[in-house]
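Throughout, protein chains are lettered first and strands after them, A, B, ... in sequence-line order, and every chain is numbered starting at 1.
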Amino acid sequence: MNPLLAVFRRDLLQAWRRRADWLTTFFFFVIVVSLFPLGVGPEPAMLRTIAPGILWVAALLAAMLSLPRVFESDFADGALEQLLLSPEPLPLLVLSKTTAHWLLSGVPLALMAPVLGLQFGLDVEAVRVLFWSLLLGTPCLSLIGVVGAALTLGVRGGGVLIALLVLPLYIPVLIFGAGAVETVATGTGAAGHLSLLGACLCIALPLAPWGASAALRVALE
Amino acid sequence: MNPLLAVFRRDLLQAWRRRADWLTTFFFFVIVVSLFPLGVGPEPAMLRTIAPGILWVAALLAAMLSLPRVFESDFADGALEQLLLSPEPLPLLVLSKTTAHWLLSGVPLALMAPVLGLQFGLDVEAVRVLFWSLLLGTPCLSLIGVVGAALTLGVRGGGVLIALLVLPLYIPVLIFGAGAVETVATGTGAAGHLSLLGACLCIALPLAPWGASAALRVALE
Amino acid sequence: MNWFKFSSPQTFYPLAGRLIPVFWVLAVVLAVAGLYIGFFVAPTDFQQGDAYRIIFIHVPAAWMSMFIYLVMAGWAALGLVLNTRLSSMMASALAPTGALMTFIALWTGSFWGRPTWGTWWVWDARLTSELILLFLYIGFMALHASIDEPRRADKAAAILAIVGVVNVPIIYFSVKWWNTLHQGASVSLTRAPSMATTMLLGMLVMAIAFWMYSIAAALSRVRSIILERERNSAWIGQLQESR
Amino acid sequence: MLEVRDLACWRGDQCLFDGLDVRLGAGEVLWIEGANGSGKTSLMRILCGLSPPERGEIRWKGRTLREGRDTLLHDLMYLGHLNALKDDLTVAENLDFHASILELPRDGRLVGEAIEAVGLTSRQDLPVRVLSQGQRRRAALARLWLATDRPLWILDEPFAALDTASVDSLSDLVASHVERGHVVVLSTHQEVPLPVSRTRRLRLDALSR
Amino acid sequence: MLEVRDLACWRGDQCLFDGLDVRLGAGEVLWIEGANGSGKTSLMRILCGLSPPERGEIRWKGRTLREGRDTLLHDLMYLGHLNALKDDLTVAENLDFHASILELPRDGRLVGEAIEAVGLTSRQDLPVRVLSQGQRRRAALARLWLATDRPLWILDEPFAALDTASVDSLSDLVASHVERGHVVVLSTHQEVPLPVSRTRRLRLDALSR
Ligand code: HEM
Ligand SMILES: Nc1ncnc2c1ncn2[C@@H]1O[C@H](COP(=O)(O)OP(=O)(O)OP(=O)(O)O)[C@@H](O)[C@H]1O
Ligand SMILES: Nc1ncnc2c1ncn2[C@@H]1O[C@H](COP(=O)(O)OP(=O)(O)OP(=O)(O)O)[C@@H](O)[C@H]1O
Ligand SMILES: [Mg+2]
Ligand SMILES: [Mg+2]
């Protein structure tokens, strides 16, 4: 089997063995979203206005929470050394890990978000845009995230340091994503915001794997 | 030195060596709170209404994020086995770890929250209540949290499973905490909510260390 | 009669096998009767019209969701303290039924909320605490599923169940402690019920039907758990041979 | 001192040992041998009370683990496969912590001597993270020099990763410990110089089917 | 095949070795010896190109690591202190994964044979989590049986935690590997039966000051 495929397959297989793991990324998302009305109060009109923001922030947090797992176990048990010594180019291997991460953390969020959106009283059009914005936005989150994950590898205080590095970079994605959903209420059309999300993806796709693999080499030195 | 003190001191010492770690729990709190105006939009009146909820939810998430660290490294490197074999009663040792966790994650949040509250336009009285509610609420979060941390130790998918177990139990604390701050705006007086928070603490204080140590024994079996 | 005899899976297994059909029959009969009373005998409500008839499913399910949790936590605690295998198996057999009941209560409740409150969902204390209950059930099952060794899984999940018991009184008393949209208890042992007798009758019959169903479902599940966990023991081998 | 009666241990579907009987008097070493996976670690963890046996009884000074858990915890020094060292703390800080939680005698001088005994004096103020594999093991072993008063040592492959000089000094320590009438249970795959007359060997493979 | 010229390595304020020169021809074993912390692991990681040396040059088949990184990666099989096994995957799945990323020949039969060679056939479908210390090491070593075509093996304490039978079978494998004209660099603290005539010993302590 091709090494890229092998990495991808192994990550999925491991996730399958640890089903609880990615199922709970997903539950985390659901729970965080459900917490807000509790804290903020139950007026439907207000909840409807803040819904896109809350859903997107929760997606950001959920994606971020699952980041440390991307390299951590490989680092701790020495498998990362072996990946670095693979004849295959490292950025491609990283890309294949990133894809697995997205499939396991991003896609479920995009699928669940519409249901939660309905609970907050969003209308069908807004929910549709929410879905597409998440489907475009979550790969960016994964790509930016793995760079952060690689940079904080084996660093004292990694787990939370990652939040500090990654969240600021997530901000544009958040603004375009939540913005896209909000346009539906204001009636200005979501296409602009969605294409900006697409642009983020196009920038992150070639850069992130390269950055992450440079960071990995440094981490193992 | 007394074993309880030794555990406490070691946890603080380790945190000091890994300053980045707990500093970033704190930064995480600040960043999450700052993300909301970006996602939700900048109207001051609305921000003021949702501020208590957002601050409290962010505090919840920050406290939760730092949970896996409580036992994980001790578990991985075998120090937990040694704690279990200490002649000192395990619940007390757990309590001393919990105190360290609170000091490192809860107290900084309580200190920082007033500043953020002012930024959201809360008035001084509300900020004062916010501070006290957090000071009473965060120990509950730590106590409930360590039970979750102990339960998910060495479990497949621990990291995020913890969120699933712990966040639902956090909800009452959130409701009373955010509720206390909201009473200031409605003018009904925060004492009732604060004493409910106190009651939560009184329930959690004897139960949680016991539950956590039972869970630790099970985890190491 | 020696009750402890039935605390071993080996003796419990055939007993459960004999009891299950009885409970199933009772469940079906009572459910049919209850639904008949609910939908054909009970009068239309002058305020809510026919929408109120959801009560015949909603309330029994809500009761069961809380009650099953208590029973489950009780079994789990027993398993933790006495280290009896069967108690822990009972606890894990009850969890899915409890989660189902909670889900039904939530589902029918929000279905009911649409015509009466004008919204599917509000974040009031009772609704929220019921939602927490669902999460607790899911947490129990998830924790159990993510530990391979059954005995460790039992113990860990038991601790969680015990800790979560705190939530049940909160659900029950939430309508009293906070003034909420959800209505307070109208069935109580200490004073006369505040609803029509036929309605009450229908609700009680449905409640018993839900009981019977829960027992039947839990017993069948515990049988399959026993088969799975004890697959290497001698008596299961004999059981298979005797088939 | 240590009595094991009819002990059984199952892992998964497999019996590691069954009907294990051992009686260990004062001043004896029990060397547990066996191929990889024969159950040495499992046995030692059961002896410490960390995991429950499937069946059987363990008595320390005549009392079962259940009754006498406190006595056992005051008498025991256990060293597992893992070193129980915090990467961020220095060798000295780590040792000090372990001495505290195990309620071993500790003051600066004793800790310093223990570190010297394992030859890490020049490394004592470095964080454990930078130490080599063998140096970590030695840092973990330093605890033994503080625990010379504990009558029961249970050591799981203490010699792994050590260089020859360290192997010798550790086996001297074990020998002097049993000479003072204490009990040592250990496992190792290497041939190490133990006091032959006082050493009882237990082969685990023989018991499992 | 492998040439090391004037190599130096510092860690912290301390020189682990300096002016290290080694030339290793086809069919030779380099046994790196030295006390704990003398720099064996550091040297091997430098040889793999995982960490940069302070000074000096390494050539494999006449080309420096920088020029010939690709050749080296296709020729190298490195095994570190850590086992690089995923706790949740089975032994077979782990081995299969490693064979893939290292582009070793792999099909079910070969993987099965490798697992049999390390005596884990009965364990091959268990998650690595439940294996004993020595069984894990053996699962990691199984890679070597798939990598018999790789001309350069770098093995960091491959014998640690192994029982005696496994030690013998591994040293046989090393012997047969060098017989076929390949090169093996390894470190170990135990005395193991290596093919004496082909073994060069390198003591690291001697070089450091
Ligand atoms: C998702 C939404 C809902 C949830 C989670 C929920 C939950 C519950 C629970 C837990 C109980 C049993 C507690 C007790 O017996 O005191 C209950 C009872 C009841 N619920 Fe709901 N409910 C929901 C929506 C509604 C709605 C919309 C109505 C009608 C307007 C309603 C009417 C009732 C009534 C009449 C009872 C029986 C109270 C009694 O007689 O004791 N519920 N509900
Ligand atoms: N869940 C399980 N299913 C099947 N086998 C298991 C399970 N858990 C543990 N085992 C087996 O039990 C044994 C545990 O052995 P233990 O760790 O006690 O070995 P050991 O004698 O210390 O070996 P080593 O010399 O390698 O340290 C191993 O053979 C392992 O494969
Ligand atoms: N930052 C640092 N400051 C001081 N000394 C350091 C630092 N990093 C590493 N060292 C030292 O460098 C050496 C690294 O040795 P290495 O791991 O190569 O040893 P080794 O020969 O493999 O030993 P072992 O036999 O124990 O595996 C150790 O002595 C360690 O203490
Ligand atoms: Mg072992
Ligand atoms: Mg080394």
Per-residue contact mode, D:His81 against chain B (heavy atom under 4.5 angstrom):
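For D:His81, there is no contact with chain B at all, as no heavy atom is under 4.5 Å.
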Pick one of side chain, backbone, both or neither for D:Arg136, based on which atoms fall under 4.5 Å of a heavy atom in chain B.
neither
Quick check on the structure: residues of residues 40-58 of chain D within a heavy-atom distance below 4.5 Å of chain B, by number.
D:Arg45, D:Cys48, D:Leu50, D:Ser51, D:Pro52
Can you pull out the residues in residues 110-124 of chain D with any heavy atom less than 4.5 Å from chain B?
none
Can you confirm whether D:Arg180 is buried at CZ, in the sense that more than 12 heavy atoms of other residues, nucleotides or ligands lie under 6.0 Å from that atom?
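Correct, the count exceeds 12.
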Within 6.0 Å of CH2 in D:Trp31, more than 12 heavy atoms from elsewhere
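Above 12, so yes.
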Does the side chain of D:Lys86 reach to within under 4.5 Å of the side chain of B:Asp74, using non-hydrogen atoms?
yes
I need the D:Asp96 CG to B:Arg9 CZ distance, nearest 0.5 Å.
6.0 Å
Find the distance between CG (D:Leu82) and CZ (B:Phe75) and round it off to the nearest 0.5 Å.
9.5 Å
Tell me the closest heavy-atom pair linking [X] and [Y], and the distance in Å.
X	Y	result
B:Pro3	D:Ser100	CG-O, 3.6 Å
B:Gln82	D:Tyr78	NE2-O, 2.8 Å
B:Leu83	D:Phe97	CD2-CZ, 4.4 Å
B:Arg17	D:Thr90	NH1-N, 4.1 Å
D:Ile101	B:Ser86	O-OG, 2.7 Å
D:Arg69	B:Leu84	NH2-O, 3.8 Å

When you look at D:Leu73 and B:Leu85, which way does the side-chain contact (heavy atoms from CB on, under 4.5 Å) test go after all the steps?
CA-CA 6 Å; D:Leu73 290 183; B:Leu85 293 177; 3.9 Å; yes
